[in-house]
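The first residue in the sequence is number 1, and the count goes up from there.
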Amino acid sequence: MSMFDIASRAMSAQMVRMNASASNLANAGSVAGSEAEAYRPLRPVFAEALDAAGEASTVSVTSVEREDKAPVRRHDPSHPLADANGDVWEAPVDENAEMIEMLDASRQYRNMVEALSTAKQLMLETVRMK
């Protein structure tokens with residue numbers, strides 16, 4: 001596994017992370033008529049991936065799963081989706097936590113781009129020396 005393979009897998013994992021956060025943010029504040037129908041935040045699950053020789057490791061996304069957070073019940077009898085008790089169920093998305101998650105993922109992505117750029121520069125300088 002080369003540096004470029006490792007970096008591309010890491011960048012793909014960070015993109016999955018950013019997409020999950022974007023989906024969560026898009027659904028923040030959404031409501032449903034029942035607890036079962038309410039949106040639940042997405043979270044990617046990562047695992048270490050070793051190369052065949054066991055000398056290098058990178059990350060892989062094993063799945064993207066829904067969190068087990070309970071939706072927030074809000075009493076709003078005038079809402080069109082309100083149940084018989086006048087309650088609606090709001091998505092349990094913490095917008096601040098999602099923004100932090102997205103910023104962290106984008107920084108990690110940017111770090112891998114910088115590492116690839118440095119590796120490319122070093123390779124070019126090595127070729128120029130010969």
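- Under the rule for a side-chain contact (heavy atoms from CB on, under 4.5 Å), the partners of Ser78 that lie at least two apart in sequence or sit in another chain are Asp76.
- For Glu65, there are no salt bridge (Lys or Arg N to Asp or Glu O under 4.0 Å) partners two or more places apart in sequence or in a different chain.
- Residues in residues 33-42 take part in these side chain to side chain donor-acceptor pair (under 3.5 Å) pairs, two or more places apart or across chains: Ser23-Tyr39, Asn24-Tyr39.
- Side chains of Arg74 and Val31 form a contact here, defined as non-hydrogen atoms less than 4.5 Å apart.
- Taking both residues in full, the closest heavy atoms of Ala20 and Pro44 are given as CB-CD, 4.0 Å, listed atom of the first, atom of the second, then distance.
- The side-chain heavy atoms of Leu42 and Glu67, taken from C-beta on, include no pair separated by under 4.5 Å.
- Judged as a side-chain hydrogen bond (donor to acceptor under 3.5 Å, both in side chains), and not counting sequence neighbours, the contacts of Ser57 are Glu48.
- Nearest heavy atom pair, residue Leu122 against residue Thr126, reads O-OG1, 2.8 Å.
- Applying the side chain to side chain donor-acceptor pair (under 3.5 Å) test to pairs two or more places apart or on separate chains, none has a residue in residues 107-120.
- For Arg9, the side-chain hydrogen bond (donor to acceptor under 3.5 Å, both in side chains) criterion is met by no residue, not counting sequence neighbours.
- Met15 and Val113 fall within the same hydrophobic cluster, defined by Ile, Leu, Val, Met, Phe, Trp and Tyr side-chain heavy atoms under 4.5 Å apart, directly or through other members.
- Under the 3.5 Å distance criterion, the side-chain polar atoms of Asn27 are left unmatched by any main-chain donor or acceptor of Ser30.
- Hydrophobic clustering (side-chain heavy atoms under 4.5 Å, transitive across Ile, Leu, Val, Met, Phe, Trp, Tyr) groups Met11 together with Met18.
- Follow the hydrophobic side-chain contacts under 4.5 Å out from Val45 and you never reach Val59; the two are in separate clusters.
- In this structure, Ala84 has no side-chain contact (heavy atoms from CB on, under 4.5 Å) partners at least two apart in sequence or on a different chain.
- Every residue was checked against the side-chain contact (heavy atoms from CB on, under 4.5 Å) condition with Asp68, not counting sequence neighbours, and none meets it.
- For Gln14 against Ala105, the heavy-atom pair with the smallest separation is OE1-CA, 3.3 Å.
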Could you go step by step and tell me if Met112 and Leu116 meet the side chain to side chain contact (heavy atoms under 4.5 Å, CB included) rule?
-> CA-CA 6 Å; Met112 291 314 303; Leu116 283 175; 5.6 Å; no

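- Not counting sequence neighbours, the partners of Asp104 by the side-chain hydrogen bond (donor to acceptor under 3.5 Å, both in side chains) test are Arg17.
- Thr62 and Ala47 make their closest contact through CG2-CB, 3.5 Å (heavy atoms, listed as atom of the first residue, atom of the second, distance).
- Within the 4.5 Å cutoff, the side chain of Met102 has heavy atoms near those of the Leu25 side chain.
- Of the possible polar contacts, one joining the Asp83 side chain to the Asn85 backbone as a donor-acceptor pair under 3.5 Å is found.
- Ser106 places a side-chain N or O within 3.5 Å of a backbone atom of Leu103 that can act as its donor or acceptor partner.
- When the side-chain contact (heavy atoms from CB on, under 4.5 Å) test is applied to Val72, the partners found at least two apart in sequence or on another chain are Glu90.
- Taking the side chain as every heavy atom from C-beta outward, Leu124 and Gln121 approach each other to under 4.5 Å.
- With a 4.5 Å cut-off on side-chain heavy atoms, Val16 and Val64 count as touching.
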